[in-house]
Protein chains: 4
Amino acid sequence: MDHKSIAPEKRASIGARRNPATEEAILEAAEALLRESGLAGFSIEAVARRARAGKPTIYRWWPNKTKLLLDVYQRLKLKMEAVDTGAIEEDCVQFLLGLFAYWSAGPGQVFRSIFAEAQSDEASAAALRDYAANRRQHSAKMFERAIARGELRADSSPVIAAEVIAAFAWSRLLTGRLDADEADLRAVVRQMVGGMRA
Amino acid sequence: MDHKSIAPEKRASIGARRNPATEEAILEAAEALLRESGLAGFSIEAVARRARAGKPTIYRWWPNKTKLLLDVYQRLKLKMEAVDTGAIEEDCVQFLLGLFAYWSAGPGQVFRSIFAEAQSDEASAAALRDYAANRRQHSAKMFERAIARGELRADSSPVIAAEVIAAFAWSRLLTGRLDADEADLRAVVRQMVGGMRA
Amino acid sequence: MDHKSIAPEKRASIGARRNPATEEAILEAAEALLRESGLAGFSIEAVARRARAGKPTIYRWWPNKTKLLLDVYQRLKLKMEAVDTGAIEEDCVQFLLGLFAYWSAGPGQVFRSIFAEAQSDEASAAALRDYAANRRQHSAKMFERAIARGELRADSSPVIAAEVIAAFAWSRLLTGRLDADEADLRAVVRQMVGGMRA
Amino acid sequence: MDHKSIAPEKRASIGARRNPATEEAILEAAEALLRESGLAGFSIEAVARRARAGKPTIYRWWPNKTKLLLDVYQRLKLKMEAVDTGAIEEDCVQFLLGLFAYWSAGPGQVFRSIFAEAQSDEASAAALRDYAANRRQHSAKMFERAIARGELRADSSPVIAAEVIAAFAWSRLLTGRLDADEADLRAVVRQMVGGMRA
DNA sequence: GGGTAATCGAGACGGTACGTCGTGTCTTTCC
DNA sequence: GGAAAGACACGACGTACCGTCTCGATTACCC
């Protein structure tokens with residue numbers, strides 16, 4: 001099962017410093033396991049086996065499973081770009097479509113695992129909170145632009161809007177309902193941003 | 001609600017049928033463990049120990065951890081009633097305040113655990129989906145009443161509104177941010193329902 | 001696996017007294033299980049299943065597993081007949097060949113189980129000792145006849161000879177080496193009885 | 001022989017190789033349990049508890065209960081030396097006397113357990129067969145020496161003689177009759193080796 | 001001939017042990 | 001001093017039996 005794509009080459013020490021190839025192999029293996037079997041298949045033993053690494057090597061650099069999970073996610077999360085179509089409703093729909101497509105391709109499983117972990121591990125929860133706040137700031141820009149061009153009311157809150165749209169996306173991810181078509185999303189978005197219109 | 005830490009009395013078989021006292025003791029123990037230490041402390045062994053039950057007795061009635069989890073939650077959720085203040089915004093705010101208070105009192109930890117479990121177990125995910133759809137139908141009624149009395153536009157969707165407000169509540173629960181004050185919630189609600197106003 | 005030959009008919013109570021059909025079915029099932037899978041497959045649960053009996057019914061009549069084992073053995077052990085060819089060596093060879101064939105057909109497994117049980121249960125050990133002494137007296141007759149006809153020395157001991165030949169047979173049974181051919185046995189017998197010759 | 005009831009000190013790993021202290025503690029605990037309560041009290045769980053070892057540690061080195069049992073016995077039997085009095089009959093008597101005394105001191109209980117185990121577990125049976133064959137080769141030397149010095153006939157078989165004498169000893173052990181006096185044993189031996197005399 | 005009493009199958013119960021898996025720590029050997 | 005290797009104590013997993021229990025039903029016996 002997990003012998004599908006084991007790192008073939010064996011990496012020895014490269015002296016008294018961290019071997020980047022090892023770090024890379026470990027993160028790669030961890031991500032692959034998460035994508036393939038989710039949090040259930042994600043164990044330090046399995047990662048070590050697949051990355052041809054020793055368990056202590058993993059524990060040297062990541063104090064526990066959760067930290068490794070978070071690092072896997074860090075590597076992943078810098079891809080999504082905000083769109084700017086000039087119309088806020090269209091921006092939101094494209095944002096959701098892009099996000100759902102991105103998640104469906106694999107990273108969604110990793111993100112789900114972070115959520116799962118965060119429910120019992122406070123460090124993960126804090127990391128997730130930080131990340132979410134950060135993303136909120138980022139996608140709030142979409143609404144700020146719409147306010148600036150007079151499409152949305154000046155007294156509406158970009159941050160609240162960003163939170164609500166993120167919450168909606170998460171709820172779909174976490175309940176395994178990423179297969180929404182554009183029309184559905186458009187209906188949701190229209191209702192969500194309707195109250196902000198100038 | 002009196003938390004005797006370990007079930008003291010010993011329960012024998014009451015014949016060739018399920019012993020309700022045993023079922024009760026197991027659910028009680030499971031709930032207590034979840035409230036106290038979350039999903040991490042929730043193991044079949046621990047439940048058995050605390051309920052003074054044999055492991056096989058648990059496995060006889062609950063095929064896996066998740067089913068037990070769901071049963072614990074089912075047993076819990078008989079409280080929440082929809083409010084009807086006559087103003088949709090007020091309804092939503094009271095709904096969220098009530099929900100957050102309810103979750104904060106303990107059940108939130110159980111619900112979080114179900115979400116965590118659902119991220120790697122498809123059966124749990126399906127159960128969670130069913131439950132969520134059910135709740136959605138239920139809280140959609142709040143918006144239907146507002147449409148009926150002409151407060152909200154006739155072409156707005158109660159189900160979408162219910163999903164969005166639930167998604168928001170979940171996102172706060174799952175990221176450990178249930179400590180919102182009324183003003184914050186009111187701002188969020190105003191923006192969420194603004195687009196539905198007649 | 002064990003549904004091979006379950007007692008088909010269901011036996012109800014026949015009033016306030018022991019049902020002989022039940023006792024018979026239980027002993028039958030126990031023996032069959034022992035023959036098929038040895039002591040490992042011999043569990044009260046399995047016996048009850050196979051005999052279509054309730055566990056308490058078994059425990060009512062046999063205080064524990066060992067007693068049931070002994071009863072199974074009691075039913076079995078009255079079959080072997082001594083041969084008399086007129087030549088002691090031939091008698092012994094035929095005795096061993098017959099015994100090995102008899103054991104190989106099934107009863108050997110039951111006997112082995114008694115030996116196993118006797119190593120940790122003193123009651124079984126005592127029963128086994130009694131039985132062995134009895135058998136010794138019985139097969140000593142073979143040597144007495146040989147002494148009587150002058151084939152063996154008058155000062156040789158039939159009981160010792162019986163013990164030695166039984167010990168040899170047991171050692172083969174208990175180490176699973178019943179597949180000896182006649183020539184091998186003859187060599188052993190010749191050496192065993194050689195010292196007794198007139 | 002000082003029986004500290006539970007190994008007090010905790011043993012960690014000593015690197016990627018077997019820890020002899022752990023092995024020792026496990027064998028020690030296993031032996032103690034066998035001596036105290038026989039096969040009935042001998043469970044992997046109990047051994048692990050007493051030796052302060054993890055169950056997986058035991059299973060890592062001993063694939064099953066039986067192998068552990070055999071190793072306990074191996075560790076025990078470093079005493080018995082073949083005697084060489086120059087007379088085969090005396091050799092045999094001393095051999096049996098020594099063996100019975102040795103067994104009576106404790107190891108007999110262990111060996112009985114091995115026999116019990118071998119009656120339902122084929123792996124144990126095979127191990128026991130191997131061990132027995134080995135011992136047979138070893139004690140056959142006693143007879144080879146006697147043949148060499150012309151005391152026994154050249155065409156007699158040392159291996160058969162070794163098997164027969166071992167079988168006799170086993171039968172006494174397994175039926176709990178180790179309390180034979182020298183005269184009895186001498187009578188048995190005389191009859192057993194009589195047929196081999198030159 | 002109706003009540004009582006012991007029997008029967010059935011199967012749930014609290015336990016103990018099984019053998020496997022994963023966690024996070026530890027140490028040695030090689031580079 | 002980093003890295004692979006893998007042993008270690010621990011504890012949860014899900015399963016099998018143990019011996020005890022309580023039921024509801026089925027008779028025979030006694031009054």
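Protein chains get the first letters and strands the later ones, always in sequence-line order, with residue 1 at the start of each.
Mapping C:Thr22 and B:Arg60 onto DNA chain E by nearest heavy atom places C:Thr22 closer to the 5' end of the strand. Between A:Ala53 and B:Lys65, the residue anchored nearer the 5' end of DNA chain F, judged by the nucleotide with its closest heavy atom, is A:Ala53. In terms of position along DNA chain E, the nucleotide closest to C:Asn19 lies nearer the 5' end than the nucleotide closest to the other residue of the pair C:Asn19 and D:Ser43. The nearest heavy atom of DNA chain F to B:Ala46 and to C:Ile44 marks one nucleotide each, and the one closer to the 5' end goes with B:Ala46.
Considering only residues two or more places apart in sequence or on other chains, A:Lys65 meets the side-chain hydrogen bond (donor to acceptor under 3.5 Å, both in side chains) condition with none of them. Residues meeting the side-chain hydrogen bond (donor to acceptor under 3.5 Å, both in side chains) test with D:Asn19, sequence neighbours left out: none. Remark: A:Thr66 pairs with A:Glu117 by the side-chain hydrogen bond (donor to acceptor under 3.5 Å, both in side chains) rule, at least two apart or across chains. For D:Ala29, the side chain to side chain contact (heavy atoms under 4.5 Å, CB included) criterion is met by D:Val47, D:Arg50, D:Ala51, not counting sequence neighbours. Partners of B:Arg18 according to the side chain to side chain contact (heavy atoms under 4.5 Å, CB included) rule, which considers only residues two or more places apart in sequence or in another chain, are B:Glu23, B:Trp61, B:Trp62.
Rounded to whole Å, the distance from CG on B:Leu39 to C1' on F:dA12 is 13 Å. A straight line from CD of C:Glu23 to C1' of E:dT7 spans 14 Å, rounded to a whole angstrom. Whole-Å rounding puts the B:Asn64 CG to F:dG14 C1' distance at 11 Å. The distance between atom CD1 of D:Ile58 and atom P of F:dC10, rounded to the nearest whole Å, is 12 Å. Rounded to an integer number of Å, the gap from B:Arg49 CZ to F:dC13 P is 9 Å. If you measure from atom CD of D:Glu45 to atom C1' of E:dT16, you get 7 Å, rounded to the nearest angstrom. At whole-Å resolution of the value, CD in B:Glu117 and P in F:dC13 are 11 Å apart. In this structure, CD1 of C:Ile26 is placed 11 Å from C1' of E:dG9, rounded to the nearest angstrom.
Side-chain nitrogen and oxygen atoms of C:Thr57 include at least one within less than 4.0 Å of the OP1 or OP2 phosphate oxygen of E:dG9. Residue B:Arg11 has a polar side-chain atom (N or O) positioned under 4.0 Å from OP1 or OP2 of E:dG14.
The side chain of A:Tyr59 approaches E:dG24 more closely than any other nucleotide in the set E:dG19, E:dG24, E:dG15.
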Q | Nucleic acid footprint by protein, nucleotides 22-31 of chain F - heavy-atom cut-off 4.0 Å, B for base, S for sugar-phosphate alone | A | BS--BBS---

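When heavy atoms are screened at a 4.0 angstrom cut-off, B:Trp61 is found touching the sugar-phosphate backbone but no base atom.
Put simply, CG on D:Leu69 and CG on D:Leu27 are 11.0 Å apart, with the number rounded to the nearest 0.5 Å.
Ring-plane geometry between D:Phe111 and D:Tyr131 is classed as perpendicular, the angle between the planes exceeding 60 degrees on a 0 to 90 degree scale with a lower cut at 30.
In the interface, the side chain of C:Lys55 is paired with the base of F:dG19 through a donor and an acceptor atom under 3.5 Å apart.
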